[in-house]
Amino acid sequence: MKPISKIAKGIAPSATMAIDSLAKQMKADGIDVVSFGAGEPDFNTPDHIKQAGIRAIEENKTRYTPSHGLLTLREAVCDWMKEELGVSYKPSQIAVTSGAKHNVFIALQTICNPGDEVILPAPYWVTYAEAIRMAGAIPVIVETTEETGFKMTAKMLEDAVTDKTKCLILTNPSNPTGMVYGREELEALADVILRHDFYVLSDEIYCSLVYEGTFTSMAALSEEVKERTILINGASKSFAMTGWRIGYAAANDEIAKAMSNYLSHSTGSPCTISQYASMAALSKNQQPTHEMKEAFAERRNYFLKRIKEIPGVSCVEPEGAFYIFMNIKQQMGRTLYGVTVNSSEDFAKLLLEKGLVAVVPGSAFGAEGYLRWSYATSMETIKTGLDRLEKFLAEG
Ligand code: PMP
Ligand code: GLU
């Protein structure tokens with residue numbers, strides 16, 4: 001048989017999705033596992049959004065839409081971006097997709113030629129490295145550490161630039177670390193981007209979930225920066241709409257048009273019913289999002305308090321999103337339950353088997369010696385999970 005494509009052969013499955021599926025399967029099998037695997041809000045989609053979806057079905061709004069989304073939804077995205085981020089786009093510059101993950105995929109397909117380099121600061125969200133490879137491009141991974149708050153500095157960016165650099169990927173607030181780049185830090189990076197003239201894919205899907213300080217969008221810095229920015233956002237995290245599969249990107253006219261062309265040949269158009277529901281989500285009623293943010297903030301504070309009390313683990317305080325990136329470097333080389341732990345993967349596997357707690361190893365995000373815990377789960381689950389971690393470390 002002929003071999004499948006070289007690109008396809010090199011693509012690893014998503015670790016976050018795999019751990020989530022494993023934990024869900026264990027629960028279905030009657031095993032009392034608590035899961036911090038996927039970054040998926042535990043809240044139900046707010047009622048007014050669900051009702052808009054139901055109304056769309058009842059009114060037979062069940063046909064194809066333009067490939068980059070309904071004009072009314074793209075207008076709603078523009079209004080929301082203006083209101084929340086202070087950036088102005090035309091509806092023709094918006095591409096609505098079947099989830100922000102698809103947006104990332106299409107954006108990279110649109111801008112990259114084979115062999116182009118895409119700079120990716122680590123720790124990074126799992127999907128990026130693979131999405132870059134799927135576009136035939138090369139991920140140039142730049143490690144950041146706790147010393148810079150897991151943020152890439154202008155110097156680190158400058159050092160990674162070559163004549164093949166096409167794009168920088170910035171996730172702000174970050175998945176997996178929860179770090180948030182402030183205006184000055186963004187300006188320093190933008191200065192390098194403008195000088196060397198490349199794109200920045202700014203994934204701001206967690207922008208509504210910032211607990212310390214204010215949020216600045218990359219595209220809000222200047223017109224020149226905005227022209228080179230592909231802004232990624234979506235309904236999943238801000239509105240507890242993961243299963244509705246709606247993402248939106250904003251970009252300059254040329255990129256937005258090319259993305260729409262790709263969409264017209266791939267998904268055709270995003271789910272019509274979900275588009276009507278998303279219009280309600282993006283309306284003036286942002287109260288449910290504010291309430292969810294308050295609940296996340298409370299969980300974050302609880303997490304931080306407990307981590308300080310557990311010997312042998314620590315974390316840099318996250319400022320946004322809903323993840324704790326736990327430092328477990330002190331556990332490396334330790335023998336727990338008769339097994340020597342040499343990697344975050346060993347630790348996560350053992351914690352799942354013996355402690356019945358599912359977390360994602362840092363290696364999935366390009367950072368060894370860490371575990372990612374999502375706190376988009378109930379306070380009760382968080383308490384149980386941390387009690388189990390404490391017991392696991394003490395008794396192992
Ligand atoms: N970007 C980041 C940083 C994420 O964590 C996620 C989570 N799935 C996504 C994009 C994609 O979200 P979705 O496809 O559900 O819109
Ligand atoms: N983005 C979430 C996470 O990182 C959901 C799973 C995924 O899409 O990777 O866990």
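Computed from heavy atoms alone, side chains included, the values below leave out hydrogens, waters and symmetry copies. Both counts, for ligands and for their atoms, begin at 1 and track the order of listing.
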Could you tabulate the donor-acceptor pairs under 3.5 Å formed by side-chain atoms of residues 308-326, not counting sequence neighbours?
residue, atom, partner, partner atom, Å
Glu319, OE1, Val180, N, 2.9
Tyr323, OH, Tyr206, OH, 2.6

Response to the item:
min-distance protein heavy atom vs atom 4 (C) of ligand 1 -> Tyr206 OH, 3.6 Å
Fill in: Backbone or side-chain N or O of Arg245 under 3.5 Å from ligand 1 N or O
yes
Worksheet item: So do the side chains of Phe105 and Thr127 get within less than 4.5 Å of each other, counting heavy atoms only?
Response: no
Donor-acceptor pairs under 3.5 Å, side chain of residues 78-94 to any protein atom, not counting sequence neighbours: which ones?
residue, atom, partner, partner atom, Å
Lys90, NZ, Asp253, OD1, 3.1
Lys90, NZ, Asp253, OD2, 3.4
Gln93, OE1, Lys90, N, 2.9

Tabulate distances under 3.5 Å between N/O atoms of ligand 2 and N/O atoms of the protein, writing both atom names on each line.
residue, atom, partner, partner atom, Å
ligand 2, 1 (N), Lys237, NZ, 3.2
ligand 2, 4 (O), Trp125, NE1, 3.1
ligand 2, 4 (O), Asn175, ND2, 3.0
ligand 2, 4 (O), Arg372, NH1, 2.9
ligand 2, 8 (O), Lys101, NZ, 2.8
ligand 2, 9 (O), Thr16, OG1, 2.6
ligand 2, 9 (O), Trp125, NE1, 3.2
ligand 2, 10 (O), Gly39, N, 2.8
ligand 2, 10 (O), Arg372, NH2, 2.7

Discussion item. I'd like to know whether Ser174 forms a side-chain hydrogen bond (donor to acceptor under 3.5 Å, both in side chains) with Thr177, so could you lay out the CA-CA distance, the side-chain angles of the two residues, the decisive distance to 0.1 Å, and finally the verdict.
Written reply: CA-CA 5 Å; Ser174 158; Thr177 67; 2.9 Å; yes
Worksheet entry | Top protein contact for atom 9 (C) of ligand 1, by heavy-atom distance | Trp125 CH2, 3.3 Å
Discussion item. I'd like to check which ligand 1 atoms, numbered from 1 as shown, lie under 4.0 Å from a non-hydrogen atom of Gly99.
Written reply: 14 (O), 16 (O)
Worksheet item: What protein heavy atom sits nearest atom 3 (C) of ligand 1, and how far away is it?
Response: Asp203 OD2, 3.3 Å
Discussion item. Under 4.0 Å, heavy-atom basis, I'd like to know which part of Ala100 is in contact with ligand 1: side chain, backbone, both or neither.
Written reply: both
Worksheet item: Going by the atom numbers of ligand 1, which of them fall below 4.0 Å from some non-hydrogen atom of Lys101?
Response: 11 (C), 13 (P), 14 (O)
Worksheet, complete the sentence: If you scan protein heavy atoms around atom 8 (N) of ligand 1, the nearest is Lys237 NZ, 3.2 Å
Pairs under 3.5 angstrom only: tabulate donor-acceptor contacts from the side chains of residues 43-53 to other protein residues two or more places apart or in another chain.
residue, atom, partner, partner atom, Å
Thr45, OG1, Ala240, O, 2.7
Thr45, OG1, Trp244, NE1, 3.1

Discussion item. Does the structure place the NZ or CZ of Lys61 under 6.0 Å from the centre of the six-membered ring of Tyr276, at an angle of no more than 45° from the ring's axis?
Written reply: yes
Practice prompt. Please identify which atoms of ligand 1 are closer than 4.0 Å to at least one heavy atom of Ser236.
Written response: 13 (P), 15 (O), 16 (O)
